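Okay, so here's the structure we're looking at.
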Amino acid sequence: MKFQQLQMLNALSETGTLLGAAEHLHRTQAAVSMALKKLEDEVGFPLFDREGYRLKLTAYGEQFLRQAREVLRQQQRLQSLTQQLRDGAEPVLRISYDHTCAPASLFEAMRAMQTRYPTTDLLLNGESQLRSLRAIREGEADLALTPWLPVFRQHGDFETKLVRPFELLVTISPALVAKYGLPTQRRDLLDIPMLMPQNQDVGINLDRMIRMPGQQRIRVNDSIAQRELLVAGMGWGIVPGDIIGDELARGDLIRIDIPDFINQVHLEVHLVRSAERIAGPAAQIIWDYF
């Protein structure tokens, strides 16, 4: 069997169709189909159930795929190690952070890295809607600072380190308090528009988490815009404490405390990297800082 056949098998499993696997690997559909049929002939047992409209892995195929993915991970790590041994410190270190997480917690670690590897350029990129995790998964970032839940592991092979707790606050503007009064119960919020991010890139459905019926939603694509709309009195919202500290201190926003509303949501800010790639020495300094 060939390494490319294992890549095709994995791509078929992830995309669900021969066409999707072919597009993902930049091959023709016929080439993928032929390679997978040859793989099936070589292993000597059926990998696919072809009775339905779509190819579906058999029980043997599922077990084979699990081991194939481990081979793919090991090959990718070997390639990464080879590059690190050949090139030394990274010429560029790409750090992605979610806009809901203040990147200042990385600054001391970044200074330590710059002292040790002054020729390594830092590329710091802010993202919305948890796209930092996708950047790690797709190899577009080396490290990411992002809110974290264990369920995110189903979206990629990640390694993480706890940086700090992630606090979600329910807030509203003084103008809306003057108009509606300060909400003290869930039902007090039903007549006020709710400001919320659009569904997250890794598939989080906030409507299902919050379960607030009735009221109008104003959806934005990042937390910074959500903060500005809150201050403008466009609605109430649940926002990360990292991004509204100044507004709370100035009185531009007022915190709402409703018992048992969102205190069941326990998030953390984590530093994340791919388990499939070996970190370079510059990235390792930042990783070890935490």
Side-chain angles (χ1 to χ4, degrees), residues 96-107 124-135 144-149 151-152 163-270:
S96 181
Y97 68 93
D98 193 277
H99 284 306
T100 59
C101 303
S105 56
L106 295 173
F107 291 170
L124 197 61
N125 187 39
E127 297 282 4
S128 299
Q129 298 180 275
L130 300 177
R131 291 194 182 97
S132 290
L133 285 178
R134 183 176 66 180
L145 188 72
T146 181
W148 180 258
L149 285 171
V151 71
F152 294 167
V163 175
R164 63 177 183 277
F166 183 84
E167 187 177 20
L168 290 174
L169 304 178
V170 185
T171 62
I172 193 170
S173 71
L176 288 181
V177 171
K179 181 177 180 179
Y180 294 98
L182 182 66
T184 59
Q185 302 179 68
R186 286 171 59 98
R187 64 173 175 264
D188 296 336
L189 298 170
L190 294 179
D191 295 329
I192 310 173
M194 179 182 179
L195 300 168
M196 62 188 300
Q198 297 171 16
N199 285 340
Q200 306 297 300
D201 191 59
V202 293
I204 295 176
N205 188 316
L206 293 177
D207 278 321
R208 292 180 181 176
M209 290 179 63
I210 299 168
R211 298 184 183 277
M212 287 293 294
Q215 84 277 36
Q216 178 189 11
R217 265 86 159 156
I218 302 175
R219 299 179 185 270
V220 296
N221 65 357
D222 67 78
S223 294
I224 305 302
Q226 184 187 18
R227 179 186 64 192
E228 299 305 312
L229 288 165
L230 282 167
V231 172
M234 297 298 295
W236 69 275
I238 301 172
V239 290
D242 272 11
I243 68 169
I244 59 167
D246 292 340
E247 286 73 17
L248 289 173
R250 291 194 302 262
D252 294 336
L253 290 175
I254 298 172
R255 182 170 178 175
I256 301 172
D257 290 311
I258 297 177
D260 302 320
F261 182 30
I262 63 165
N263 58 352
Q264 74 276 17
V265 180
H266 299 287
L267 293 171
E268 298 172 333
V269 174
H270 279 220

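Because the structure is a prediction, the values reported are computed rather than measured. The first residue in the sequence is number 1, and the count goes up from there. Values below: every heavy atom of this structure, side chains too, minus hydrogens, waters and symmetry copies.
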Are Phe166 and Thr100 packed together at the side-chain level, in the sense that at least one heavy-atom pair is separated by less than 4.5 angstrom?
yes

Side chains of Arg164 and Cys101 in contact at under 4.5 Å (non-hydrogen atoms)
yes

Report the C-alpha distance between Met194 and Trp236 in whole Å, list the side-chain angles of each, state the deciding distance to 0.1 Å, and finish with yes or no for side-chain contact (heavy atoms from CB on, under 4.5 Å).
CA-CA 5 Å; Met194 179 182 179; Trp236 69 275; 3.7 Å; yes

For Glu127 and Ser96 the tightest heavy-atom approach is CG-OG, 3.4 Å

Check: Trp148 and Leu133 side chains under 4.5 Å, non-hydrogen atoms:
yes

Roughly how far apart are Leu176 CG and Asp191 CG, rounded to 0.5 Å?
12.0 Å

Spacing of NE2 belonging to His270 relative to OG belonging to Ser132, to within rounding of 0.5 Å:
14.5 Å

Kindly indicate whether the side chain of Leu253, heavy atoms from C-beta on, has any atom under 4.5 Å from the side chain of Val239.
no

When you compare the side chain of Tyr180 with that of Ile172, does any pair of heavy atoms fall below 4.5 Å?
no

With rounding to the nearest 0.5 angstrom, report the CZ to NE2 distance, Arg131 to His99.
9.5 Å

For side-chain contact (heavy atoms from CB on, under 4.5 Å), just list the numbers for Leu130 and Phe152, CA-CA rounded to whole Å, side-chain angles, deciding distance to a tenth of an Å, and then say yes or no.
CA-CA 10 Å; Leu130 300 177; Phe152 294 167; 3.8 Å; yes

With rounding to the nearest 0.5 angstrom, report the CZ to CG distance, Arg219 to Leu195.
11.5 Å

Hey, mind stepping through Leu145 and Ser105 against side-chain contact (heavy atoms from CB on, under 4.5 Å) and telling me if it holds?
CA-CA 9 Å; Leu145 188 72; Ser105 56; 3.7 Å; yes

Rounded to the nearest 0.5 Å, what separation is found between the CG atom of Leu168 and the CG atom of Asp242?
10.0 Å

Is any side-chain heavy atom of Ile258 closer than 4.5 Å to a side-chain heavy atom of Val170?
no

Ser128 versus Asp98, closest heavy-atom pair with distance:
C-OD2, 4.1 Å

Are the side chains of Pro174 and Ile254 in contact, using a 4.5 Å heavy-atom criterion?
yes

Compare all side-chain heavy atoms of Ile256 with those of Asp188 and state whether any distance is below 4.5 angstrom.
no

Pairs where residues 176-185 contributes a residue and the test salt bridge (charged side-chain N to carboxylate O under 4.0 Å, His left out) is met, not counting sequence neighbours
none

Euclidean distance, Glu247 CD relative to Arg255 CZ, rounded to 0.5 Å:
15.0 Å

